[in-house]
2 protein chains.
Amino acid sequence: MSVIEARFGARDAKLSGAVEMIHGAGGRATAELIRTLFRRHLDNPLLAQGNDQAAFAVEAGRMVMTTDAHVIAPLFFPGGDIGSLAVHGTINDVAMAGARPLYLSAAFVLEEGFPLADLDRIVASMAAASRAAGVPIVTGDTKVVEKGKGDGVFITTTGIGVVPEGVEISGDRARPGDVVLLSGSIGDHGIAVLSKRENLTFETEILSDSAALHTLVAEMVAAVPGIRVLRDPTRGGLGATLNEIAQQSRVGIRLEEAAIPIKPDVSAACELLGLDPLYIANEGKLIAIAPPDKAQLLLAAMRAHPLARDAAIIGEATQDPHAFVQMRTRFGGNRMVDWLAGDPLPRIC
Amino acid sequence: MSVIEARFGARDAKLSGAVEMIHGAGGRATAELIRTLFRRHLDNPLLAQGNDQAAFAVEAGRMVMTTDAHVIAPLFFPGGDIGSLAVHGTINDVAMAGARPLYLSAAFVLEEGFPLADLDRIVASMAAASRAAGVPIVTGDTKVVEKGKGDGVFITTTGIGVVPEGVEISGDRARPGDVVLLSGSIGDHGIAVLSKRENLTFETEILSDSAALHTLVAEMVAAVPGIRVLRDPTRGGLGATLNEIAQQSRVGIRLEEAAIPIKPDVSAACELLGLDPLYIANEGKLIAIAPPDKAQLLLAAMRAHPLARDAAIIGEATQDPHAFVQMRTRFGGNRMVDWLAGDPLPRIC
């Protein structure tokens, strides 16, 4: 038994230990960590190729590629953890092009001293999210940094997918008169993470909405292939995301506050904390913009899916050279919805 | 002028400032950082789509995907920096399947307080490496963590590429009797980084060999489509990489120490520091394994390329159920080349 085996030998011993610098050295300890933790959970034929890259067949067509670094704190929160979030977030960014996600990669930056049991739990959660979505993690990388040079674990996931023929969805395609739809209530993810971080308790526990939206998108695209824009209002929330789209498409957007779904608990928490739910992150919601004559058809397709039962038409695109986002309030007033000015909730994803 | 504009307004003001938490909030400061720093350097039509994913056409065939987190310290070293390294490393992992790299993604984890001027220098270096290689960075992400929760900047790059028809290169394809080739001298990268980190000076400055190897691989595959294995001996060096291949292919490997190219300065530095060059990382070298009747043809193709002028046949694969890597020393002895047992050089890539 080598020194390394003595230190890292049995699987259970490993899982009760912590990440050490040698796990990142590219030698036997790295290989053991990959075999006994990453491959054990994420097992699939492409990952099992065991090369520094995964190889697979693709058909001719349009493809998309997207990447996301995940640095959320805390790592575990009501309704999810950094592992499931990293899978959902990247699947969703693929899906927001109307694409069918094919494969994911995952790169881990681990901090020395991070409990292997927590890493195990996170990778198990990634594996469960990936299996439930039908999108395998086919290649990966692991690096280790010294204690105090990281924060437990950061995970970067990258995804690729194929765009069905005839679908052309992009943030610059909204036109004046188009209808803005939202798949469900806002603010759940951000408030769930904040409540965990700040140890807040509400009457009922607020759970993150973290979810993979690709099957919802597939139904939407099948019903209305001419959807113009899809985007998930994550960091920066509905407010920042609509401003991005307005700028890309050079249109204004007018919202109806009363039409925007929000759970009473989330609304109450925002009021209590002095937060504007328009800027709170979501991880299982999408914004869709479609031509007005397709709006009802699209809304019906969304409401037929379990992840968009509360879908609603929340506004419309307007002619506006300034690309302002504005909102008619519940009381009939008019409010500018500017870009997020501060950062009430850092490290939310 | 908004508060944000006052803080982040002019481009030069930004570049003399530092990363702040608000740069990761997904609002206007994030958008400004992307526009004035990332897009300015990395500009290309796919990145300019400005969506959360890049869309492009692909032809039918075999594709590969690979990802690498880069956490090297120091960020700037003789012969390169984390930016060029992140581009070269991922291009090389694509190329080691015999594939032609198509596109890269890049995800940044920035530490609060990191100088924007340094970030600018790193992204400019990425852009130069990506342009020189002809492999654009088409999508990205930026996150910010609090001071003390990161280490300046971590960069995860992911690459995709297409495998030419008839090429099937994988770590499990070496056969007894196959010949092992190496594209050039070992240890340059690791010693260059270490010398910078430890403030060592040698007679002549030792430079990292960091380079994109895809054009070399293209020449090699054109000359010998039946190459069995390609792999770049990065983290863990030649020793760890050959052990990986031996295990995957279930063959032994016998090396000739006298045949392994090493620069006199690197050799002297290793002796001085008590390091074994077999385990020192390289970032611009590759190992190739090919059938014996193709070895000379492959060697000639390699030597014709500027990045492999010192290519050499360094050993052969053998029948060995233990998959041991062994080396005939300069003095005629026999030495086991085991997995890396310790970690003399953490955070080398």
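FYI, side chains are in, hydrogens and waters are out, and symmetry mates aren't considered; it's all heavy atoms of this structure. Since we're looking at a predicted model, the values are computed, not measured. So that the names make sense, note that chain A is the first sequence line, chain B the second, and so on, each numbered from 1.
Of all the listed residues (B:G236, B:G27, B:A60, B:G24), the one sharing the greatest number of non-hydrogen pairs under 4.5 Å with chain A is B:A60. Ranked by heavy-atom pairs shorter than 4.5 Å toward chain A, the options B:V94, B:T30, B:T139 are led by B:T139. For the options B:Q247, B:E59, B:E244, B:M96, heavy-atom pairs under 4.5 Å to chain A are most numerous at B:E59. When each of B:A54, B:A240, B:A55, B:A107 is checked for heavy-atom pairs under 4.5 Å with chain A, B:A54 comes out on top. Taking chain A as the reference chain and counting heavy-atom pairs below 4.5 Å, the highest number among B:G152, B:G61, B:P346, B:C349 is found for B:G61. Considering only heavy-atom pairs separated by less than 4.5 Å from chain A, the leading option among B:I348, B:I160, B:T241, B:V64 is B:V64.
The nearest pair of heavy atoms linking B:A106 to A:T67 is O-CG2, 3.8 Å. When all heavy atoms of A:M65 and B:V138 are compared, the closest pair comes out as SD-CG2, 4.3 Å. The nearest pair of heavy atoms linking B:V144 to A:V71 is O-CG2, 4.4 Å. Nearest heavy atom pair, residue B:Q53 against residue A:D93, reads NE2-O, 2.5 Å. A:A69 and B:V109 make their closest contact through CB-CG2, 3.9 Å (heavy atoms, listed as atom of the first residue, atom of the second, distance).
Contact of A:Q49 with chain B is made through the backbone alone, with heavy-atom distances under 4.5 Å. Contact of B:A97 with chain A is made through backbone and side chain together, with heavy-atom distances under 4.5 Å. For B:Q248, the part lying under 4.5 angstrom from a heavy atom of chain A is the side chain only. Proximity to chain A (any heavy atom under 4.5 Å) is restricted, for B:T142, to the backbone atoms N, CA, C and O. Using a 4.5 Å cut-off between heavy atoms, B:F56 touches chain A through backbone and side chain atoms alike. Contact annotation for B:L104: only backbone heavy atoms (N, CA, C, O) come within less than 4.5 Å of a heavy atom of chain A. Heavy atoms closer than 4.5 Å to chain B are found in both the backbone and the side chain of A:A57.
Residues A:E111 and B:D151 have side chains not in contact (no heavy-atom distance under 4.5 Å, counting atoms from C-beta outward). At a threshold of 4.5 Å between non-hydrogen side-chain atoms, the residues B:V58 and A:M63 count as touching. At a threshold of 4.5 Å between non-hydrogen side-chain atoms, the residues B:D338 and A:R28 count as touching.
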Checklist entry - Is there a side-chain contact (heavy atoms from CB on, under 4.5 Å) between A:F154 and B:V145 once you walk through the steps? => result CA-CA 10 Å; A:F154 302 142; B:V145 296; 3.9 Å; yes
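Within residues 161-173 of chain B, the residues having any heavy atom under 4.5 Å from a heavy atom of chain A are, by residue number, B:S170, B:G171.
Side-chain contact check for B:N51 and A:R231: at least one donor-acceptor pair (N or O, by modelled atom type) lies under 3.5 Å.
For the atom pair CG of A:D52 and OG1 of B:T90, the computed distance is 10.5 Å after rounding to the nearest 0.5 Å. The OG1 atom of A:T158 sits 9.5 Å away from the CG atom of B:D141 when rounded to the nearest 0.5 Å. Note that OG1 of A:T156 is 11.5 Å distant from CG of B:D68, once rounded to the nearest 0.5 Å.
Residues passing the salt bridge (charged side-chain N to carboxylate O under 4.0 Å, His left out) test with A:D232: none are found, sequence neighbours excluded. With sequence neighbours excluded, the residues that form a side-chain contact (heavy atoms from CB on, under 4.5 Å) with B:E146 are A:R347, B:M21, B:E112, B:K149. Applying the side-chain contact (heavy atoms from CB on, under 4.5 Å) rule to A:V229 yields the partners A:A174, A:I245, A:I289; only residues at least two apart in sequence or on another chain are considered.
When the shell of 6.0 Å around CZ of A:R197 is examined, it contains more than 12 heavy atoms from other residues, nucleotides or ligands.
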